[in-house]
Amino acid sequence: MNRAIYIASLHISCGGKVQFRSRSICKLISSSSSSQVSSNSASQVGHGLTNLQNKTGPVQIMLHRITKNKLRPKKMASLESLNFDNLVLRSLPIDSAEEIQPRQVKGACFSKMKLSPVANPDTVAVSSSALRLLDLDEEQWQRAEFAEYFGGNKLLPGSQLAAHCYCGHQFGYFAGQLGDGAAMYLGEVVNKAGKRWEIQLKGSGLTPYSRQADGRKVLRSSIREFLCSEAMHHLGISTTRAGCCITSDTKVIRDVFYSGNPIREKATVILRIAPTFIRFGSFEIFKPLDPMSGRQGPSVGRKDILDKMLDYTIKTFYPKVYEDHPEDTGARNLAFYKEVMRLTAMLVAEWQCVGFCHGVLNTDNMSIAGATIDYGPFGFMDAYNPDHICNTSDDGGRYSYKKQPEICRWNLGKLAEAISMSLPEQEAKAELPLYDECYQRHYMEKMRKKLGLLRVAEDEDKALIESFLDTMDQTKADFTNCFRCLSQLLLPGTPGCDDAKEKILEYLVSQSCTAEELKKACKPQMDPREMQMMMMLMQVNPDLLSQLAGGHQRLLRELQKMEQAEELKDLTDAKKQETDRGKWSAWLDSYNARLTKEVTTDANFEEHNQERSKVMNANNPKFVLRNYIAQNAINAAEKGDYSEVQRVLKMLETPYSDTNDLESLAAKPSEDEGASTSTADEDSGATAGAGPSSASNQQQTSTAVKSCTGLSYDSKPPEWAANLQVT
């Protein structure tokens with residue numbers, strides 16, 4: 001068992017700093033009988049403050065927590081020897097109430113928790129790279145106790161259980177107190193590299209913030225979050241991590257599509273890992289009464305707590321900002337806000353460049369550290385559609401793909417309002433144009449790499465990128481595969497470049513949707529009776545319509561679909577392919593013209609093509625977590641076969657790979673291919689591979705990586721994938 005050893009230093013108001021050995025003071029500040037005080041100096045690890053008074057003025061004793069007389073361990077840990085140092089609970093106020101039942105939590109950032117065990121916890125999957133962040137190796141996750149600890153049945157030594165209090169704007173309206181309704185803080189582990197990681201269990205049971213829910217998650221939603229957390233990390237996008245997924249024999253009732261057809265599902269828990277789970281909504285607990293929703297934060301007006309939160313957050317996660325502004329808190333808070341803005345802009349630019357849609361970009365789902373957080377009804381686009389909505393319950397399309405940059409900016413405005421007691425709102429919001437600049441700069445840098453425009457940035461590049469996206473939209477072509485195949489187009493002047501261009505053209509046409517797929521995508525979804533009612537409201541009470549389930553935007557989309565469906569009724573596959581070929585040919589001509597500027601007079605075509613292909617393939621993933629891939633893993637897991645989850649995880653760990661040996665990922669087709677055509681996540685559900693074969697002699701032939709149903713992981717999705725719904 002770890003023994004906490006503290007180093008104490010005496011800070012006197014006159015500016016002196018004195019080491020001390022007083023046993024009486026040591027006893028006074030020691031929080032447990034096992035704690036000791038050493039007179040040796042050490043660098044700061046944590047903050048434990050006790051204020052005393054003597055004749056010389058205020059005296060501050062700062063405690064620096066160390067484990068086993070060292071700043072960090074030097075070897076891998078066991079489950080029982082994780083190096084916990086729960087800094088946030090020493091830094092921010094904890095609710096004094098002990099009962100664990102839904103309630104308003106005032107004047108606190110955390111509430112105490114207790115374990116809520118599940119029956120027969122069973123490990124579905126582990127991420128070895130995520131667990132190694134905690135210094136845990138394979139020997140530990142193969143132990144029987146592993147599922148007990150991370151299923152929420154046993155308490156890890158050194159862990160302190162808590163749930164975080166936060167608020168949030170949900171779909172544009174302030175919802176009041178939300179909080180960790182299904183998550184539980186376990187503590188913070190400082191690994192042997194000195195890196196601090198907060199760990200929590202999601203799906204661990206009832207908390208004071210569960211509202212009308214039970215605090216549990218189910219197998220399907222947990223597998224989706226587990227896989228996507230790791231997929232985003234390996235794509236190089238800032239994200240929370242998932243260490244493991246633990247299911248159980250405990251059953252919970254869920255009405256997946258809110259249709260009155262509840263089912264019993266297995267309660268499942270995932271281990272989440274991140275530097276912090278503080279989010280924009282954490283600072284909204286101080287919000288005064290909102291005139292629109294009639295709700296307010298539970299800690300209205302508590303500037304003292306807000307200042308503590310800002311001080312802790314900046315000192316811990318933005319230490320450079322803290323060091324640059326040691327005295328001026330106003331300048332420090334503004335610099336902090338600008339850094340959050342910068343990281344958020346870069347994050348959403350990364351999302352846009354891989355076709356990722358979050359689904360629920362409420363302020364309570366926005367990390368203060370610029371990481372992707374809270375995976376619910378997310379989705380990677382298949383066919384490109386700027387208006388793509390991955391969350392089928394987002395009737396108004398507030399969180400559609402193209403609106404994500406705008407929504408993140410809006411959320412930053414709400415963060416400015418939330419911290420206005422410590423940083424004037426107008427002063428913070430005056431910096432928002434920097435968000436737009438940072439987003440555009442990072443987006444264009446990434447897109448140029450995706451298109452292999454490496455030598456010089458041209459003014460025409462933005463138009464070229466937009467025309468590529470527009471052509472994908474018009475042809476409804478696969479987003480991931482279209483980007484990936486471009487690396488096989490040879491630079492103008494290279495022997496064989498015309499043949500390569502022709503193969504790319506044929507491949508792009510093959511990745512465009514069929515006439516029937518297009519007709520299906522344009523088919524109106526609204527019930528005729530509902531449309532009639534909304535048409536009537538638009539005429540007699542448009543204000544009421546705007547407040548109902550998407551309002552004007554939803555109605556407009558349905559009317560547009562009706563018009564498109566009428567235009568497409570006579571479209572044939574042959575006609576669509578002919579049209580698509582013309583559009584892609586025109587775009588390839590403009591792209592080829594731009595590539596001539598990438599060729600220098602002394603060009604070594606082989607070297608330039610190899611360099612270009614390498615950069616492009618490192619920025620255009622071959623594999624993403626498409627909904628149908630996740631659904632295949634869920635279908636197998638719900639039958640007790642977890643191998644497909646591990647297979648998908650292994651594939652996602654090398655998303656840019658064309659050359660890795662992925663034979664172990666191949667599996668024989670099962671009889672239930674495409675059996676399930678729906679998935680959901682209310683808790684937040686054989687074609688050619690990517691790239692034309694032999695487009696150039698530079699490309700190595702890669703093994704077709706298949707799912708348990710025999711579908712290629714890097715394929716254009718099967719038809720049944722279009723029926724998948726995530727709510």
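Relative orientation of the Y435 and Y439 rings is parallel, given thresholds of 30° and 60° on the angle between their planes. Using cut-offs of 30° and 60° for the angle between ring planes, the Y375 and F356 rings count as perpendicular. Ring geometry for Y312 versus F317: interplanar angle over 60°, hence perpendicular rather than tilted (30 to 60°).
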Practice prompt. For the pair K202 and F226, evaluate side-chain contact (heavy atoms from CB on, under 4.5 Å) and give the outcome as yes or no after the intermediate values.
Written response: CA-CA 10 Å; K202 183 173 181 179; F226 172 80; over 6 Å; no

Discussion item. Apply side-chain contact (heavy atoms from CB on, under 4.5 Å) to residues Y185 and S159 and explain how you reach the verdict.
Written reply: CA-CA 9 Å; Y185 168 98; S159 172; over 6 Å; no

Practice prompt. Please test Q200 against H164 for side-chain hydrogen bond (donor to acceptor under 3.5 Å, both in side chains), starting from the C-alpha separation and ending with a verdict.
Written response: CA-CA 11 Å; Q200 66 170 219; H164 181 36; over 6 Å; no

Fill in: salt bridge (charged side-chain N to carboxylate O under 4.0 Å, His left out) evaluation trace for E323 with K320
CA-CA 5 Å; E323 292 168 8; K320 183 65 165 57; over 6 Å; no

Worksheet item: For V340 and F336, what are the C-alpha separation, side-chain angles and deciding distance, and is it a side-chain contact (heavy atoms from CB on, under 4.5 Å)?
Response: CA-CA 6 Å; V340 174; F336 157 70; 3.5 Å; yes

Worksheet item: Please walk me through it: do V88 and E188 pass side-chain contact (heavy atoms from CB on, under 4.5 Å)?
Response: CA-CA 8 Å; V88 69; E188 296 156 69; 3.2 Å; yes

Item to complete: Please step through salt bridge (charged side-chain N to carboxylate O under 4.0 Å, His left out) for the pair D214 and R216, ending with a clear verdict.
Response: CA-CA 6 Å; D214 56 18; R216 295 293 187 189; over 6 Å; no

Item to complete: Would you check, one step at a time, whether the test side-chain hydrogen bond (donor to acceptor under 3.5 Å, both in side chains) holds for Y173 with D290?
Response: CA-CA 9 Å; Y173 296 95; D290 184 88; over 6 Å; no

Item to complete: Determine, stepwise, if the pair F146 / F150 fulfils ring pair (Phe, Tyr, Trp, His ring centres under 6.0 Å).
Response: CA-CA 6 Å; F146 182 83; F150 294 121; 5.1 Å; yes

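Tested against R332 for a salt bridge (charged side-chain N to carboxylate O under 4.0 Å, His left out), the candidates D311, D307, D324 yield a single pass: D311. Residue D387 forms a side-chain contact (heavy atoms from CB on, under 4.5 Å) with just one option from K402, K403, R557, and that option is K402.
N86 and Q160 form a side-chain donor-acceptor contact under 3.5 Å, judged by distance and modelled atom types alone. Checking T268 against S222 by side-chain atom types alone, no donor-acceptor pair falls below 3.5 Å.
Between R254 and E265, no side-chain nitrogen of the basic residue sits less than 4.0 Å from a carboxylate oxygen of the acidic one, so the salt-bridge criterion is not met. We find that D374 and R272 are joined by a salt bridge, their nearest charged nitrogen and carboxylate oxygen being less than 4.0 Å apart. Salt-bridge formation is detected for the pair R342/E339: a Lys NZ or Arg NE/NH1/NH2 atom is positioned less than 4.0 Å from an Asp or Glu carboxylate oxygen. Between E417 and K429 there is a salt bridge, since at least one side-chain N of the basic residue sits less than 4.0 Å from a carboxylate O of the acidic one.
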Table please: side-chain donor-acceptor pairs of residues 103-113 below 3.5 Å, with sequence neighbours left out.
residue : atom : partner : partner atom : Å
R103    : NH1  : E99     : O            : 2.6
R103    : NH1  : Q101    : O            : 3.4
R103    : NH2  : D95     : OD2          : 2.5
S111    : OG   : Y209    : OH           : 2.6
K112    : NZ   : E98     : OE2          : 3.3

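At least one donor-acceptor pair under 3.5 Å links the side chain of E230 to the backbone N or O of A242. Looking at R279, its side chain never comes within 3.5 Å of a backbone N or O of I368 through a donor-acceptor pair. A distance-only check finds a donor-acceptor pair linking the side chain of Q404 to the backbone of H358 [under 3.5 Å]. Distance alone, capped at 3.5 Å, is enough to place a donor-acceptor pair between the N191 side chain and the L133 backbone. Put simply, the side chain of Q352 gets close to the backbone of Y401: a donor and an acceptor are under 3.5 Å apart. N391 places no side-chain N or O within 3.5 Å of a backbone atom of P377 that could act as its donor or acceptor partner. For the pair N362 (side chain) and F171 (backbone), a donor-acceptor distance under 3.5 Å is present. One N or O on the side chain of S293 and one on the backbone of F174 form a donor-acceptor pair closer than 3.5 Å. Panel note: side chain N153, backbone V118; a donor-acceptor pair is recorded below 3.5 Å. A donor-acceptor contact shorter than 3.5 Å links the side chain of S210 to the backbone of T207.
The shortest distance between side-chain heavy atoms of M366 and L361 falls below 4.5 Å. Contact of the C408 side chain with the W351 side chain is registered, since non-hydrogen atoms from C-beta on lie closer than 4.5 Å. Looking at heavy atoms from C-beta onward, I634 lies in side-chain contact with R224 at the 4.5 angstrom threshold. Looking only at side-chain heavy atoms (C-beta outward), I270 and I246 stay at 4.5 Å or farther from each other. The side-chain heavy atoms of Q177 and C165, taken from C-beta on, include a pair separated by under 4.5 Å. Within the 4.5 Å cutoff, the side chain of L343 has heavy atoms near those of the Y318 side chain.
Heavy atoms only, all atoms of each residue included: T123 and V126 are closest at CG2-CG1, 3.8 Å. Here the closest heavy-atom approach between residue N261 and residue S259 is recorded as ND2-OG, 3.1 Å.
To the nearest 0.5 angstrom, L271 atom CG is 6.5 Å from L131 atom CG. The CG atom of L178 sits 7.5 Å away from atom OG1 of T363, with the distance rounded to the nearest 0.5 Å. Rounded to the nearest 0.5 Å, atoms CG (L347) and OG1 (T239) are 8.5 Å apart. The CG atom of L306 sits 7.0 Å away from the NZ atom of K303 when rounded to the nearest 0.5 Å.
Taking the ring axis of W197 as reference, the NZ or CZ atom of R241 does not stay both within 45° of it and closer than 6.0 Å to the ring centre.
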